[in-house]
Amino acid sequence: MNISLSAPDIGEREMDYVMQVLRSNQLSMGPWLEQFEKRFAAYIGTRYAIGVNSGTSALHLCVRALGIGAEDEVVTTSFSFVASVNCLLYEGALPALVDIDPKSLNLDPSAVRDFLRMQCSRSADGRLVDQKTNRVVKAILPVHVFGLPCAMDELMDIAREYQLQLLEDSCEAIGAEFGGRRAGSFGDAGVFAFYPNKQMTTGEGGMITTNDPRIAELCRSMRNQGRDTDGAWLRHVRLGYNYRLSELQAALGVAQLERIDSLLSSRADVARRYSEMLSRQPQLVLPESDPGSKRSWFVYVVKFLGDSPSAVRDHVRACLREKNIATQVYFTPIHHQPFFRQCCPGPVPSLPNTDLAADQCLALPFHGRLRKSEIEYVCESLTAAMEAQPRVDSKPVRVLETRAVGI
Ligand SMILES: *Cc1c(COP(=O)(O)O)cnc(C)c1O
C-alpha cells in the first residue's frame, strides 16, 4: 500500500461542468463565477461572496479592504499556515502573536484579552496603541485551525468592546458551525481556500464572504485590476491585482459545492473510524470536539504525550514513511519560520502552548475516499511504531531550552 496525505474527490459531475466551460467561449468572468459566488454566499449565510484565485489572495484583499497598513498591527495566532500572517506583511502590517488554547489549538480569547488589557492603551485620538511597538491595533484575525471553529462568541465580544475589526480565516473550515452559524459569517469578512487538500477544491482558488457592501465592492474591484464596477474595462479607479478565478475553476467549485454535504460526511466517517481504532492508545490525544460547535474535518491530527513528544512523533513518522504512509507536522509555528526573523524584528514572542502543540502534533493521511483497510493499515502501523519506540534516556533538552528562552 501507498497512502498519501490527502486526495481530492472529483466525480463525473465535476468533469461534466468543466467540459461545458471548455465547449463555451467564455473561460473567465462569466456565468459560472456568478453562480459559484451566489451559491457560496447562500451556503455560508452571508450577503456577498467574491471568488478569487487563492485563499492567500482572499486574505490579502480583505486586509486591504479593512484598511490595515504599514503602521498597524493585527492580533492573531502563530499556530497556522503561513498565509494568515503573510497577508499582513504584504501591507507592511505586523502580527501581534498571542497564544492558543491547548485543547482547541485555536486563538485563546483570554490571551487576546490579556494582550489588549496589559499591552495596549487608547491614545488621545482614540486609537488603540500597542505600547511596546507603537503600532495601532486594527483587527483580530482568528484561524479555525484544522476545521474546529474558534470561540467566536468571546472573540466577537472582545472585538466589539475594543472596536476592532474581525477577519476570519476559514480556509480550513468550510461547513464548520459555531452556535448554529457557519464559519466565515461572523466577522467583517471571512476567507476560504480551495487548494486540492481542502474539503472542496477548484485546483487553486479562494472566496471572500461578507455582509458589508463596501468590502464586497472593494474586493470585487481589487481582484480585477482595480476596475470600477460600472464595467468600463480600461478604467482603473484603485490599485488592483489579477486575483480572478477562471470559469473552469468556478465550474469545478459549483460541482463540489453541490455535493458539499456528502464530501464533508465522508470525511467525518473517516475521522470516526480513526478515533475508534486509536481510542486505546494511552499515549495519544485524539482530536477534540466541542459541544457548542461542529467541526468540518480538514485533517486528522493526533497529539503525542510524554516528556519528549517530538522525539516519539519523529520516530513514528520515520516508521510510517518506511511503510509508504505519508504524514505531516502541522504546524511549525510561524514565529519559528526562517523568514519570520527578517520580517518581524524585536523579541521572539513567548508562546508556550503554541510551542508545545508544535512538538506534539502529527497529521495522519486523511481524505474522504480513504478506505477502511487503509485506515486499519495506518492505525496498525502507528501502534506498532509506538510499541517499538526507542527509550528516550536523555532529558528532552531541546524542548526545555526553547521554553526557557521563549523561542
Ligand atoms: C490553505 C490555507 C490558506 C491559504 O490557501 P491557499 O489557497 O493555498 O492560498 C490560508 N490559511 C489557512 C489556515 C489555510 O489552511
Side-chain angles (χ1 to χ4, degrees), residues 5-8 36 40 49-64 74-91 95 97 100 104-107 139-150 152 155 166-176 183-184 186-187 189-209 219 222-223 241-246 248-250 252-253 256-257 264 267 287 295-301 328-335 337 340 354 357-358 361 363 366-367:
L5 193 64
S6 69
F36 186 31
F40 200 88
I50 301 96
V52 290
N53 61 358
S54 75
T56 307
S57 311
L59 282 164
H60 183 204
L61 292 190
C62 288
V63 166
R64 285 192 63 92
V74 172
V75 186
T76 191
T77 174
S78 182
F79 195 70
S80 174
F81 182 60
V82 70
S84 63
V85 162
N86 282 353
C87 63
L88 305 173
L89 303 179
Y90 296 158
E91 294 300 318
L97 297 173
I100 56 172
S104 69
L105 305 177
N106 283 326
L107 196 59
I140 308 175
L141 199 171
V143 181
H144 306 301
V145 170
F146 305 154
L148 186 71
C150 295
M152 290 313 295
L155 291 174
L166 196 60
L167 171 56
E168 266 179 284
D169 183 338
S170 310
C171 288
E172 302 186 354
I174 184 172
F186 292 90
V191 302
F192 292 86
F194 309 124
Y195 188 72
N197 70 337
K198 306 279 179 202
Q199 291 92 321
M200 64 165 274
T201 185
T202 61
E204 295 281 359
M207 192 72 82
I208 296 157
T209 50
C219 290
M222 285 190 291
R223 79 161 168 201
Y241 307 87
N242 178 357
Y243 283 172
R244 295 185 298 257
L245 190 74
S246 76
L248 297 154
Q249 293 165 311
L252 201 43
Q256 294 260 286
L257 193 58
L264 295 182
R267 295 175 83 96
R295 185 195 287 267
S296 165
W297 287 93
F298 169 52
V299 282
Y300 192 89
V301 172
Q328 189 54 268
V329 175
Y330 283 142
F331 290 107
T332 299
I334 297 169
H335 69 289
Q337 296 291 350
F340 186 82
T354 301
C361 284
F366 188 73
H367 56 83

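Read the numbers this way: they start at 1 and go in the same order the structure lists the ligands and their atoms. Bear in mind that the values here come from a model prediction, so they are computed numbers and not experimental data.
Any N or O atom pair closer than 3.5 Å counts here, and Ser84 shares no such pair with ligand 1. For the pair Ser80 and ligand 1, the shortest N or O to N or O distance does not fall below 3.5 Å.
Ligand 1 lies less than 4.0 angstrom from a heavy atom belonging to Lys198.
Between Phe366 and Phe146, a ring centre-to-centre spacing not shorter than 6.0 Å is recorded.
Of all atoms in ligand 1, listed by their number and element, those nearer than 4.0 Å to a heavy atom of Val143 are 13 (C). Annotation for ligand 1: atoms under 4.0 Å from non-hydrogen atoms of Ser54 are 7 (O), 9 (O).
In terms of modelled atom types and a separation under 3.5 Å, the side chain of Ser54 and the main chain of Ser57 share a donor-acceptor contact. Distance alone, capped at 3.5 Å, is enough to place a donor-acceptor pair between the Glu168 side chain and the Phe186 backbone.
Protein heavy atom in closest approach to atom 15 (O) of ligand 1: Glu172 OE2, 2.6 Å. Protein heavy atom in closest approach to atom 9 (O) of ligand 1: Thr56 OG1, 2.5 Å. Atom 10 (C) of ligand 1 has its closest protein heavy atom at Cys171 SG, 3.5 Å. Counting protein heavy atoms only, atom 6 (P) of ligand 1 is closest to Gly55 N, 3.5 Å. Protein heavy atom in closest approach to atom 8 (O) of ligand 1: Tyr195 CB, 4.2 Å.
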Using ring pair (Phe, Tyr, Trp, His ring centres under 6.0 Å), reason through Tyr241 and Tyr90 one step at a time and then give a plain yes or no.
CA-CA 13 Å; Tyr241 307 87; Tyr90 296 158; 9.2 Å; no

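When the heavy-atom distances from atom 5 (O) of ligand 1 to Ala83, Gly147, Ala193 are ranked, the shortest goes to Ala193.
The distance from the CG atom of Leu264 to the CZ atom of Arg295 is 13.0 Å, given to the nearest 0.5 Å. Note that CZ of Arg223 is 16.0 Å distant from NE2 of His60, once rounded to the nearest 0.5 Å.
Contacts of Asp169 with ligand 1, taken as heavy-atom pairs under 4.0 Å, involve the side chain alone.
In this structure, Phe194 and Phe40 have perpendicular ring planes: the angle between them is above 60°, well past the 30° mark.
Each of Cys62, Ser84, Pro142 was compared with Leu167 under the side-chain contact (heavy atoms from CB on, under 4.5 Å) criterion, and only Cys62 meets it.
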